[in-house]
There are 2 protein chains.
Amino acid sequence: MTQTRIMLVDDQALLRTGFRMVLEAEDDFTVVAEAGGGAEAIALAASVRPDVILMDVRMPGIDGIEATRQITAARPESRIIILTTFDLDEYAFGGLRAGARGFLLKDAQPNELTAAIRAVASGDASVSSRVTRRMLELFGSKLPAADDDDASRLGALTEREREVFLAIAEGLSNPELAERFFLSESTVKTHVGRILAKLGLRDRVHVVILAYRLGLVGR
Amino acid sequence: MTQTRIMLVDDQALLRTGFRMVLEAEDDFTVVAEAGGGAEAIALAASVRPDVILMDVRMPGIDGIEATRQITAARPESRIIILTTFDLDEYAFGGLRAGARGFLLKDAQPNELTAAIRAVASGDASVSSRVTRRMLELFGSKLPAADDDDASRLGALTEREREVFLAIAEGLSNPELAERFFLSESTVKTHVGRILAKLGLRDRVHVVILAYRLGLVGR
DNA sequence: CCCGGCCTGGTACCTGGGTACGACGCGCTA
DNA sequence: TAGCGCGTCGTACCCAGGTACCAGGCCGGG
């Protein structure tokens, strides 16, 4: 059986090498390219023609969604798996709409990862079960009243970040956040930036949308 | 019976004169001051000491909420009625929290207006019935499934603005709005600005919140 | 004991978004 | 015919917000 040629796309080199190590441990996988940004990914996809692309959502410049759109348009043979830290965000769903075949969390177990890659490589689609569950909850007819440990779904966030997240969802500006939490605006910006990065969101507007969609605010 | 001394606060001079004409037609009302901004309002409230203040929410500089807060703090004898174009926004509720005694829509009938002023002048509170209804819907235990002409609640907005409003609530940026509606970014900005002004909202973040609160988006 | 995560803060920079104008064409109505 | 509302577009300005990068303090675990 021939090897599955994989490309990694993520702006964090560290994460790429982590994934590379996991993947290279499998003898039917070979990592043929790494890209640190969307533009690079598009170029490499065209030249090295990988079978499977693991695509981060959030990157400087061209983001993972747009890159997915362009790559699938130009070369549908490359199966793309969207990677995200969080299990639900607009970008990610946009990614599926953009032609991605899979959807995985970055904290997935190695066997989940390899299974997903083999699945999409063989033509199937693979979506993280947690995501599937979320999708059903969100787009199904009835969403069960959010249990109050629902905030724990924001597992990627630290305690402080969770607080800030919720406050952003209330519509507070950065100065207002600083006032509420007795922080400098610098610190607030640091928190906000980290929240956006971890959840793969573009700006505070999307934070609000996510919070409402998850039922974390507004009754 | 002595006259009720009224101050008008709104950045639109036209609207002020309109209200003034309505109010002066009542022989127990007299308009003793007009202010075009929050700072002016605070100063005038202290010097002319009106009985009732009709306060617009959205103004350049110090907004109506902050002005309300400061005036009620300094001089609780002045009863403040919040005026808004729309029947529900964060600022308005903030106004009630800030110490306002009434809440009225700018398109209220003259008799509603005069009744509200007499009510607050005599010590009662007066809240527009539409607002009351909204509050009950929003903060009551159960909100009736939004009837699909619910968007019509955005009566102040034109058709185009309504479309843009909903798209903003989806999280679209200005360039994205321009693309979706085949408009220039300039036009988009014009629409967005008008929407914010009409609804008395600060920025697009609050648009999203309002839309979700009203159940206009995201099921 | 040191290391790493977390929270905090700062500086510098740049872009998106919001504001304030003014302008033009269209269609409707007084 | 003269408005007026609406939608469109432009230019110019300013600031909030987001990004990048660095750094110190605290705490808990290896």
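Below, chains carry the letters A, B, ... as their sequence lines are ordered, and counting in each starts from 1. What's counted below: heavy atoms across the whole structure, side chains too, no hydrogens, waters or symmetry copies.
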[X] [atom1] to [N] [atom2], straight-line distance once rounded to whole Å:
| X | N | atom1 | atom2 | value |
| --- | --- | --- | --- | --- |
| I195(B) | dT19(C) | CD1 | P | 12 Å |
| K189(B) | dC21(C) | NZ | C1' | 14 Å |
| L177(A) | dC7(C) | CG | P | 15 Å |
| L196(A) | dT15(C) | CG | C1' | 15 Å |
| E159(B) | dG27(C) | CD | P | 18 Å |
| R160(A) | dC6(C) | CZ | C1' | 11 Å |
| D203(B) | dT19(C) | CG | P | 9 Å |
| L201(A) | dG17(D) | CG | P | 17 Å |

With a 4.5 Å limit on heavy-atom distance, are the side chains of [X] and [Y] in contact?
| X | Y | answer |
| --- | --- | --- |
| M55(A) | I71(A) | yes |
| L196(A) | L201(A) | yes |
| L177(B) | L183(B) | no |
| F165(B) | L210(B) | yes |

Taking OP1 and OP2 of [N], is either one under 4.0 Å from a side-chain nitrogen or oxygen of [X]?
| X | N | answer |
| --- | --- | --- |
| R204(A) | dG18(D) | yes |
| H191(A) | dC7(C) | no |
| R202(A) | dG18(D) | no |

Whether E66(B) side chain and I62(B) backbone form a donor-acceptor pair below 3.5 Å: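 Side chain of E66(B) to backbone of I62(B), a donor-acceptor pair under 3.5 Å: no, none is there.
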Side-chain donor or acceptor of R204(A) paired with backbone N/O of L172(A) under 3.5 Å: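 Side chain of R204(A) to backbone of L172(A): a pair is present.
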Residues within residues 179-188 of chain B bordering DNA chain D, heavy-atom distance below 4.0 Å: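 Only L183(B), S184(B), S186(B), T187(B) qualify.
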Under-3.5 Å donor-acceptor pair between T190(B) side chain and dC9(D) base: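 Present.
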R160(A): partners by salt bridge (charged side-chain N to carboxylate O under 4.0 Å, His left out), with sequence neighbours left out: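 With neighbours one apart ignored, the set is E163(A).
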Nearest non-hydrogen partners of V32(A) and P50(A), listed with the distance: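 Closest approach of V32(A) to P50(A): CG2-CB, 4.1 Å.
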Of R194(A) and P175(A), the one whose closest DNA chain D nucleotide lies more 5':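 The residue closer to the strand's 5' end, by nearest nucleotide, is P175(A).
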Greater than 12 external heavy atoms within 6.0 Å of E179(A)'s CD: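 Check fails, neighbour count at 12 or below.
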Name the pairs: protein N/O against N/O of nucleotides 28-30 of chain C, kept only if under 3.5 Å.
none

